[in-house]
Amino acid sequence: MDTSNPAVFVNGGLLRMYVGRRVRAVIQAIQPDAAGVAGKSTDDHQLVVKGSPPPFRLTNFVEVIGIADTDRSIRAEMWTNFGDTFDTQNYNQLCQLANGEFKHLFV
């Protein structure tokens with residue numbers, strides 16, 4: 001596993017802390033188009049994922065790894081389908097742990 005450039009677990013509220021850095025976020029894809037995907041973060045923030053979506057059909061929830069462009073957008077490097085149902089509360093708790101007291105456990 002390459003740990004030289006880790007992606008921080010974020011939701012919409014935490015994204016602003018990592019502008020310019022590599023992040024990973026789960027979004028609910030709402031409106032894909034040629035320029036990217038408009039979506040909703042697990043904590044109900046509106047986000048835009050820039051860059052061409054992958055050649056496969058996106059499921060309702062997708063994880064995006066990329067660079068945080070602004071506090072509301074990510075420039076995608078990698079997309080992973082997470083299915084049509086997803087526990088957003090658990091993911092938000094994971095984000096809080098990964099950015100708080102247990103930050104050292106998340107590379």
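The basis for the numbers below is simple: all heavy atoms, side chains too, and nothing from hydrogens, waters or symmetry mates. Residue numbers run from 1 in the order of the sequence given.
Side-chain atoms of Tyr91 come within 3.5 Å of backbone N or O of Val10 as a donor-acceptor pair. The backbone N or O of Gly13 sits less than 3.5 Å from a side-chain atom of Asp43, completing a donor-acceptor pair. Asp71 places no side-chain N or O within 3.5 Å of a backbone atom of Met17 that could act as its donor or acceptor partner. Side chain of Asn81 to main chain of Gly83: no donor-acceptor pair is present (N/O by atom type, distance under 3.5 Å, no hydrogens or angles).
Here the straight-line distance linking atom CG of Asp87 with atom CD of Gln93 works out to 8.0 Å at 0.5 Å rounding. Here the straight-line distance linking atom CG of Asn90 with atom SG of Cys95 works out to 11.0 Å at 0.5 Å rounding. With rounding to the nearest 0.5 Å, the separation of NZ in Lys40 from CZ in Phe61 is 7.5 Å. To the nearest 0.5 Å, the span separating CD on Gln96 from CG on Leu14 amounts to 5.0 Å. In this structure, CZ in Phe9 is found 10.0 Å from CG in Asn99, a value given to the nearest 0.5 Å. Taken from CG in Leu15 to CD1 in Ile74, the straight-line distance is 5.0 Å, to the nearest 0.5 Å.
Residues Thr80 and Val62 fail the side-chain proximity criterion, which asks for heavy atoms closer than 4.5 Å. Two residues are said to be in side-chain contact when any heavy atoms from C-beta on lie closer than 4.5 Å; Asn60 and Phe82 fail this criterion. Residues Glu77 and Val64 fail the side-chain proximity criterion, which asks for heavy atoms closer than 4.5 Å. Residues Val8 and Tyr18 meet the side-chain proximity criterion, which asks for heavy atoms closer than 4.5 Å. Side-chain contact between Lys103 and Leu97: absent, with no pair of heavy atoms (C-beta onward) separated by less than 4.5 Å.
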request  = Give the intermediate values and the outcome of side chain to side chain donor-acceptor pair (under 3.5 Å) for residues Thr59 and Asp84.
outcome  = CA-CA 6 Å; Thr59 57; Asp84 291 325; 4.8 Å; no

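Shortest non-hydrogen contact noted between Pro53 and Gly36 is CG-O, 4.1 Å. Nearest heavy-atom pair, Arg72 versus Gln46, reported as atom, atom and distance to 0.1 Å: CD-O, 3.3 Å. Between Val37 and Leu58, the closest heavy-atom pair is CG2-CD1, 3.8 Å.
With hydrogens and angles left out, the side-chain atoms of Thr42 and Asn92 include a donor and acceptor closer than 3.5 Å.
Transitive grouping of hydrophobic side chains (ILVMFWY, heavy atoms separated by less than 4.5 Å) keeps Phe56 and Ile30 in distinct clusters.
When Lys50, Arg21, Arg22 are each tested for a salt bridge (charged side-chain N to carboxylate O under 4.0 Å, His left out) with Asp69, only one passes: Lys50.
Clustering of Ile, Leu, Val, Met, Phe, Trp and Tyr by side-chain heavy atoms under 4.5 Å joins Ile65 with Met78.
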